[in-house]
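Encoded as structure tokens, the structure appears first; notes follow it.
Every number for a ligand or one of its atoms is a count from 1 in the order of the listing. Remember, it's a predicted structure, so these values are computed and weren't measured experimentally.
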Amino acid sequence: MTIGILGGGQLGYMLALAGYPLDFHFRFLDPSPQAPVGRIAPRVTAEYTDYEALDKFAHGLALVTYEFENVPVEAARHLAKHVPVFPSPKALEAAQDRLNEKALFQKLGIPTTEFAAVNSTAELDRAIGKLGLPGVLKTRRLGYDGKGQWVLRSQADVAELKKEFPSAPLILENFVNFSRELSILAVRGRAGETAFYPLVENHHRGGILRLSLAPAPQLSDSLQREAENAARQMLEALDYVGVLAVELFECGGRLLANEMAPRVHNSGHWSIEGAVASQFENHLRAVAGLPLGETRALGYCAMLNLIGEVPEPQELLAVSDAHLHLYGKSLRPGRKVGHVTVRAGSALELSVRLKQLPAFFQREEFCISLHASGVAK
Ligand code: AMP
């Protein structure tokens with residue numbers, strides 16, 4: 001069976017790596033001739049809006065899925081006329097606009113931050129009158145890794161922003177004083193069966209994920225259940241097929257949904273070594289109509305993102321149960337070029353292994369010291 005994937009970045013790369021043992025073949029479509037999947041699978045270089053290229057791409061495919069959530073919905077709808085597309089274009093559409101996404105959380109009774117639509121400076125003033133400050137103003141579409149976001153702490157920040165007011169449709173959210181950021185990876189199969197990975201604790205620097213701890217330290221059954229219930233509601237409301245990631249804030253012992261991604265997710269990379277079946281394998285099993293694999297964690301994992309630079313492998317791989325993943329991308333500041341997963345049998349052993357990592361990882365930005373304080377709690 002050949003599976004078509006829209007987007008040819010590292011998520012697609014890891015999907016293909018997980019799919020080859022199941023005898024799946026892959027074909028990718030990406031506008032960039034440098035897309036990393038070119039190393040391991042046939043790749044069509046075309047714009048997502050090039051319908052002629054889409055038709056050629058779809059020829060002979062068993063199904064189409066995505067590794068990139070900003071694929072134009074019209075492209076997914078066009079493909080769905082010829083070939084099954086999972087998750088459905090409807091699910092893709094729901095996750096592309098932060099305002100609709102938050103409205104959907106609210107409609108389903110999933111707690112989320114207070115928010116308001118903003119399309120002009122006058123609407124910003126009205127929204128601030130309603131929500132107060134501090135707040136976070138975000139573009140409704142196409143924001144990622146902290147891009148297209150402005151934290152407004154005071155009227156002085158608001159005045160500054162108004163000097164170069166963004167022209168895109170916006171959403172203002174209450175600034176949440178969260179105690180930590182978590183995410184849940186959920187998967188739903190074609191027959192409606194569901195499975196959930198343990199909650200993961202995420203640490204960011206400069207808006208980019210640097211460290212994920214899985215399972216999240218001090219994870220209670222009730223918090224896990226709360227997250228699973230929220231994710232299940234969303235999966236069912238969208239008649240979703242595949243892996244869905246929901247990002248959450250923990251605040252006073254409760255969860256607030258921040259956003260979702262209709263695809264495999266960076267905070268699920270630990271599952272390659274750290275779970276019985278990885279998020280990549282489970283996404284493929286789901287879309288192909290196979291039974292879902294177990295989502296149970298195999299011990300304790302830390303996933304460290306490599307941003308713009310990579311370590312010498314020699315010293316890193318000398319650490320027991322440390323795993324290096326490089327995506328074959330050229331090195332550029334701010335670019336996710338690989339990740340490292342360290343696995344251990346206990347939280348304490350993980351802490352020891354993280355301290356054994358080479359000096360490259362002992363810099364503040366990798367957030368390892370935060371992990372150590374989590375273990376000590
Ligand atoms: P997002 O693109 O929505 O995932 O936001 C990127 C990061 O900005 C999040 O991981 C949080 O660290 C922070 N952030 C986003 N929204 C809020 C909010 N409403 N309150 C506080 N921090 C936020």
Practice prompt. From atom 14 (N) of ligand 1, work out which of Phe175, Phe249, Phe115 has a heavy atom at the shortest distance.
Written response: Phe249

Discussion item. With nothing but distance in play, are any N or O atoms of Val176 less than 3.5 Å from an N or O of ligand 1?
Written reply: yes

Discussion item. Looking at Phe57, I want to see if its CZ is surrounded by more than 12 non-hydrogen atoms of other residues, nucleotides or ligands under 6.0 Å.
Written reply: yes

Worksheet item: Do Arg363 and Phe360 meet the cation-pi criteria used here (NZ or CZ under 6.0 Å from the six-membered ring centre, within 45° of the axis)?
Response: yes

Discussion item. One residue to check: Asn174. Relative to ligand 1, which of side chain, backbone, both or neither has a non-hydrogen atom less than 4.0 Å away?
Written reply: backbone

Response to the item:
A student checking ligand 1 against Val136 at a 4.0 Å heavy-atom cut-off should list atoms 17 (C), 18 (C), 19 (N), 20 (N)

Worksheet entry | Numbered atoms of ligand 1 (with element) below 4.0 Å of Glu247, judged on heavy atoms | 4 (O)

Fill in: Pair Arg205 + Glu364, salt bridge at N-O below 4.0 Å
yes

Discussion item. Could you tell me, atom by atom, which parts of ligand 1 come under 4.0 Å of a heavy atom of Phe178?
Written reply: 12 (O), 21 (C), 22 (N)

Practice prompt. Show which atoms of ligand 1 fall inside a sub-4.0 Å distance from at least one heavy-atom site of His204.
Written response: 10 (O)

Discussion item. Is it the case that over 12 heavy atoms from other parts of the model lie below 6.0 angstrom from the NE2 atom of His59?
Written reply: no

Worksheet entry | Non-hydrogen side-chain atoms of Arg43 and Leu29 separated by less than 4.5 Å | no

Worksheet item: Does any non-hydrogen side-chain atom of Lys138 lie less than 4.5 Å from one of Trp150?
Response: no

Practice prompt. Find all atoms of ligand 1 within a distance of less than 4.0 Å from any non-hydrogen atom belonging to Glu259, and give their numbers and elements.
Written response: 1 (P), 2 (O), 3 (O), 4 (O)

Worksheet item: Does the distance from a Lys or Arg side-chain N to an Asp or Glu carboxylate O, for Glu226 and Arg254, drop under 4.0 Å?
Response: yes

Worksheet item: Just distances here: any N/O of Thr113 and N/O of ligand 1 closer than 3.5 Å?
Response: no

Worksheet item: Going by the order shown, which atoms of ligand 1 are within less than 4.0 Å of some heavy atom of Lys138?
Response: 3 (O), 15 (C), 16 (N)

